[in-house]
Amino acid sequence: MTGNLYQKIYACVRKIPRGKVATYGQIAALCGSPRGARIVGYALHVIPENSNIPWQRVINSQGFISTSCLGHPKSLQRDLLISEGVKVETKNDLYNIDLNNYLWQPK
DNA sequence: AAGGTGACTAACA
DNA sequence: ATGTTAGCCACCT
């Protein structure tokens with residue numbers, strides 16, 4: 001089946017602890033594809049809604065929520081993060097997370 | 001088979 | 001500092 005890399009990506013995303021966030025590039029690197037940030041984005045894009053993958057914990061390198069207006073509004077991702085204890089600042093319709101405090105740092 | 005797209009980044013101007 | 005360009009690589013048409 002195709003999407004072997006996707007399964008790997010999903011596995012990494014599931015490792016993100018509650019209350020922390022990770023960047024696309026970070027997940028890509030953990031999967032052995034240091035330049036595969038876009039692939040991660042695509043992988044999350046095709047996640048089924050009923051999956052147990054904490055996709056909301058993945059944001060871009062700037063600490064902003066990147067989800068464009070697709071299936072899920074950004075506000076949903078913000079709400080999910082807030083409910084996990086992550087502080088999200090709202091700036092001009094954009095949602096920002098303080099990476100210095102909430103970025104996941106795997107060993 | 002070939003070119004376009006994207007929930008990305010980093011480097012430049 | 002903000003805006004643009006170029007790499008990136010799997011998926012889609």
field: Integer-rounded Å distance: B:dA10 C1' and A:Phe64 CZ
entry: 17 Å
- prompt: Does a side-chain N or O from A:Ser61 land closer than 4.0 Å to OP1 or OP2 of B:dC8, or not?
  reply: no
- prompt: Counting any heavy atom closer than 4.0 Å, what does A:Leu5 reach on the DNA or RNA strands: base, sugar-phosphate only, or nothing?
  reply: sugar-phosphate
query: Atom CD1 of A:Ile59 and atom C1' of B:dT9: how far apart are they, to the nearest Å?
result: 14 Å
message: How many whole angstroms separate atom CZ of A:Arg38 from atom C1' of C:dC12?
response: 14 Å
query: Under 3.5 Å, is there a donor-acceptor pair between the side chain of A:Tyr24 and the main chain of A:Gly36?
result: no
field: Polar side-chain atom of A:Gln26 near backbone of A:Pro106 as donor-acceptor pair, under 3.5 Å
entry: no
Atom pair distance, as rounded to whole Å: NZ in A:Lys91 and C1' in C:dT2: 16 Å
statement: The residue, A:Ile39 or A:Thr23, whose nearest nucleotide of DNA chain B is more 5′ is A:Ile39
field: A:Glu84 side-chain N/O to A:Asp79 backbone N/O, donor-acceptor pair under 3.5 Å
entry: no
- request: Tell me, yes or no, whether the heavy-atom count around A:Asn101 atom CG, taken from other residues, nucleotides or ligands under 6.0 Å, exceeds 12.
  value: yes
- request: Check the distance between B:dA7's C1' and A:Tyr42's OH and give it to me in whole angstrom.
  value: 11 Å
- request: Using whole Å, report how far CD1 of A:Ile97 lies from P of B:dA7.
  value: 17 Å
message: Is it the case that the side chain of A:Asn4 and the backbone of A:Gln7 share a donor-acceptor pair, with hydrogens and angles ignored and the cut-off at 3.5 Å?
response: no
task: Classify the nucleic acid contact of A:Arg35 as base, sugar-phosphate or nothing, counting any heavy atom under 4.0 Å across all strands shown.
output: sugar-phosphate
- line: A:Ile27 atom CD1 is separated from C:dA10 atom P, nearest whole Å, by 17 Å
query: Under 4.0 Å between a side-chain N or O of A:Ser33 and OP1 or OP2 of C:dC8?
result: no
- line: When rounded to whole Å, the CG to P distance for the pair A:Leu103 and B:dT9 reads 11 Å
message: Mind checking if A:Gly36 touches a base, just sugar-phosphate, or nothing, with heavy atoms under 4.0 Å?
response: nothing
